[in-house]
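Working notes, beginning with the structure itself.
Lettering of chains follows the sequences in order, A, B, ..., and the numbering in each one begins at 1.
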Number of protein chains: 2
Amino acid sequence: MTRRVAVTLEDVARRAGVSLSTASRVINGSTRSVTPEFRERVLGAASELGYLPNRHAQAVARGRSSLIGVLVHDIADPYFSSIAAGAMREAEPHGMVVLGNSLRRPEYEPEFVATMRAQRTRALVLVGSRVRDAGRTRALRAEVAAFLAEGGQVCAVGQPGLGAHTVQPANRAGARALAHALADRGYRDFAVLRGPDALLTATERLAGFCEGLAARGLSVPDAAVIPGPFTREGGHAAALALLEAGPLPDCVFAVNDVMALGALAAFREQGIAVPDDVALAGFDDIPTLRDVAPALTTVRLPLTAMGQRAAALALEASAGPPRLVRVDAEVVLRESTRRPVAMAAATPAAHPTGSRRT
Amino acid sequence: MTRRVAVTLEDVARRAGVSLSTASRVINGSTRSVTPEFRERVLGAASELGYLPNRHAQAVARGRSSLIGVLVHDIADPYFSSIAAGAMREAEPHGMVVLGNSLRRPEYEPEFVATMRAQRTRALVLVGSRVRDAGRTRALRAEVAAFLAEGGQVCAVGQPGLGAHTVQPANRAGARALAHALADRGYRDFAVLRGPDALLTATERLAGFCEGLAARGLSVPDAAVIPGPFTREGGHAAALALLEAGPLPDCVFAVNDVMALGALAAFREQGIAVPDDVALAGFDDIPTLRDVAPALTTVRLPLTAMGQRAAALALEASAGPPRLVRVDAEVVLRESTRRPVAMAAATPAAHPTGSRRT
DNA sequence: TTGTACGCGTTATCAT
DNA sequence: ATGATAACGCGTACAA
């Protein structure tokens, strides 16, 4: 009747002349208690028939599958693809990786976790940023809790407070160190392309940057803090908005690299030279940066390693409470914040800080 | 005994006071033949209990899962992540997407297809390049055939001859057109960073480029055709090798953009200016190109659209033979092949073509 | 050690 | 329209 299309374990058992259970034992290797001779026969039959275990049937019988979920916001964004690559490299030997792409829609995240629950996935890596929207956060947290309750394991990257293991980059400290470094290079008049204020990551970087400046007796005028999407287009638009808002600052900090690249493009289009007319810095050190000119100052995060670490945490047989793994960020000064000759000639003290923007 | 951890359809049926079959009918909506009242009751019970259908059980019962596989060589490479993003966008509404990362190991490809067979995946998108190794190709083709025989659907991108639908970019014609354009800009003395000679894609582009030059009475000296990996590092190394081999040509063609970026970096490190000392062109038009300076001449492929098209082909209920969808490539001339002033001043005829490299 | 039989959560066939 | 009941392919107590 039904067109039997794939070889089943029963076929293998029949051909090997053994029972289904014996065949099962040698194939999945649960217990070693099988005679070498039978073992041979089963293995032979399996390979002759081209047998492939039905993973779904296994998952149903075992009550758990070997799928591993990885969720990112945008797989075409180098930040996410780098982390995803690291996570996949680590996870691949342990099971099949399912990669989800939220397209930056927060409502998709709980949905994805639900899907993974339905798949009885054993481990989950959630890469993203916590968002200020309490409803969304609650929905996501609820799904994660349900997933955990069902015996799954979860590790988040960059979004603490989910009740799961977390790999957390030093957004605040990194931005603070960057501010120090820029102030020490003599920059005095700053602007920040701050990203969406709903994104915790963006907000932390802004806060850290301001703290760092404050430690040097500097600050960013409110009018020079430009919000916008966390993307290249967002950076582009924010840079244009900055130009509209008033005279150019010494130095612009975009809270991530893709935004910085957008800003760089906007400046180029407007005939504004970086770093001669304005300095520019980003955050993340995405691989793409190796090929842009001028070389972009940034705060390096070990993206691939973060993904690997997260996958390892999600995969390890963990007893005990959720762990928080902090990841250091390192300031990398490059061409885009080389002080222009005119400024470098003067002593920093010669530059009164007075806020140009009121 | 067993810790019942997830809500099952039976729980829902019991709570709704209906039979398992009825509950199944309203949940999966197979037949509409359910009284509105019962329907309400089941839906209510399901949502109260937080019921999630076990996809594995469904897959076992139905004999086919709703998984969709996408295989790429390197998810961190913009070429692949762009195509993958397109494929995922198209596929996501139809099922869960499983993304595989071969890390450019050809032996992983048949393995991935086998895994997808084991998962009873319904559709498969294979992104990559056909490799000259007959053994590998045969292994892959065999797995694809088995997958097809089991009722699955497949679409390949850039690797024809797999017995599946194929989305095939115009590698040859694109490279030919590029050669024409460069010759028309006055370049006479060329080198090609040709990639691995085992990769069909690389070979086709090289061949097309040579054809295009030949049509203008030009050619590339053998010594100026440098092989190497299809990656940024490969391009970097190949550019250095080119420098070692002899004097600089007018113009270098790297058979893909990431190689061109590697070459660009190598030139920059060596103090060689592009395009003033040497012109440079790539192939693909990856998104990254928007941020490199000088802007890189390339041959544009609609990467995202190709991914979408491939997923659509793999998903569509196709009767009939495998289809071959050709995708046009478009030459995009940018700054990196602006003719230097000195050359532009002279007439092309003033530049004897004589091969500098013997 | 091996085989029998039952269970996993669904779908689908068949009477009712 | 609804409800038993038999698959689906596999894992695994339990008995032999």
(request) Check whether any side-chain N or O of A:T35 sits under 3.5 Å from a backbone N or O of A:E37 as a donor-acceptor pair, and report yes or no. (result) no
(request) Could you state the atom-to-atom distance from CD of B:Q119 to C1' of D:dG9 in whole Å? (result) 14 Å
(message) Check this one for me: any side-chain N or O of B:T8 less than 4.0 Å away from OP1 or OP2 of C:dG9?
(response) no
(message) How bent is the helix from C:dT1-D:dA16 to C:dT16-D:dA1, measuring the angle between the end axes built from five pairs each, rounded to 10°?
(response) 40°
(message) Could you tell me how far apart A:I27 (CD1) and C:dT2 (C1') are, to the nearest whole angstrom?
(response) 16 Å
(message) Quick check: closest heavy atoms across B:A84 and B:V72, and the distance to 0.1 Å?
(response) CB-CG1, 4.2 Å
(request) Report yes if a side-chain nitrogen or oxygen of B:N28 is closer than 4.0 Å to either non-bridging phosphate oxygen (OP1 or OP2) of C:dT11; otherwise report no. (result) yes
(message) Measuring from the side chain of B:L20 (C-beta onward, heavy atoms only), which nucleotide among C:dT11, D:dG11, D:dC8 has the closest atom?
(response) C:dT11
(request) Grab the CZ-P distance between B:R62 and D:dA6 for me, whole Å please. (result) 22 Å
(request) Please report, rounded to the nearest Å, how far the C1' atom of D:dC8 is from the NE2 atom of B:H56. (result) 15 Å
(message) Show every ring-ring contact (aromatic ring centres under 6.0 Å, His included) that has at least one partner inside residues 80-127 of chain B, sequence neighbours left out.
(response) B:H73-B:F80
(request) Could you say whether B:V60 or B:S19 is positioned toward the 5' end of DNA chain D, judged by the nucleotide with the nearest heavy atom to each? (result) B:S19
(request) Can you tell me the distance, in whole Å, between the CZ atom of B:R25 and the P atom of C:dA12? (result) 11 Å
(request) Could you work out which one of D:dG9, C:dT4, C:dT10 sits closest to the side chain of B:A57? (result) C:dT10
(message) By nearest atom, which of the nucleotides C:dT10, D:dT2, D:dG9 is closest to the A:N54 side chain?
(response) D:dG9
(message) From C-beta outward on B:T35, which listed nucleotide comes closest to its side chain: D:dT2, C:dT2, D:dC10?
(response) D:dT2
(request) Look at the side-chain N and O atoms of B:S21 and state whether any lies under 4.0 Å from the OP1 or OP2 oxygen of D:dG3. (result) no
(message) For a quick test of reading the model: is some side-chain N or O of B:S24 closer than 4.0 Å to OP1 or OP2 of C:dT10?
(response) no
Return a table of donor-acceptor pairs under 3.5 angstrom between the side chains of residues 154-167 of chain A and protein atoms on other chains or two or more places apart.
{"from": "A:H165", "atom 1": "ND1", "to": "A:R323", "atom 2": "N", "distance (Å)": "2.9"}
{"from": "A:H165", "atom 1": "NE2", "to": "A:S318", "atom 2": "OG", "distance (Å)": "3.4"}
{"from": "A:T166", "atom 1": "OG1", "to": "A:A164", "atom 2": "O", "distance (Å)": "3.1"}

(message) Please tell me if B:T22 has a side-chain N or O lying less than 4.0 Å from either OP1 or OP2 of D:dG3.
(response) yes
(request) Return no unless some side-chain N or O of A:Q58 is found under 4.0 Å from OP1 or OP2 of D:dC10. (result) no
(message) Output the rounded distance in Å from CZ (A:R64) to P (D:dT12).
(response) 14 Å
(message) What is the distance, to the nearest angstrom, from the CD atom on B:E10 to the C1' atom on D:dG3?
(response) 14 Å
(message) Can you pull out every salt bridge (charged side-chain N to carboxylate O under 4.0 Å, His left out) where at least one residue sits in residues 87-104 of chain A? Sequence neighbours excluded, please.
(response) A:D74-A:R104, A:D77-A:R104
(request) Please confirm whether the backbone N or O of A:G69 pairs with a side-chain atom of A:T121, one donor and one acceptor, at under 3.5 Å? (result) no
(message) Could you work out, with side chain to side chain donor-acceptor pair (under 3.5 Å) as the rule, every residue matching A:E48, not counting sequence neighbours?
(response) A:R15
(request) Please name all residues satisfying salt bridge (charged side-chain N to carboxylate O under 4.0 Å, His left out) with A:R122, sequence neighbours left out, ordered by chain then number. (result) none
(message) Between C1' on C:dG9 and OH on B:Y51, what's the gap in Å once rounded to a whole number?
(response) 7 Å
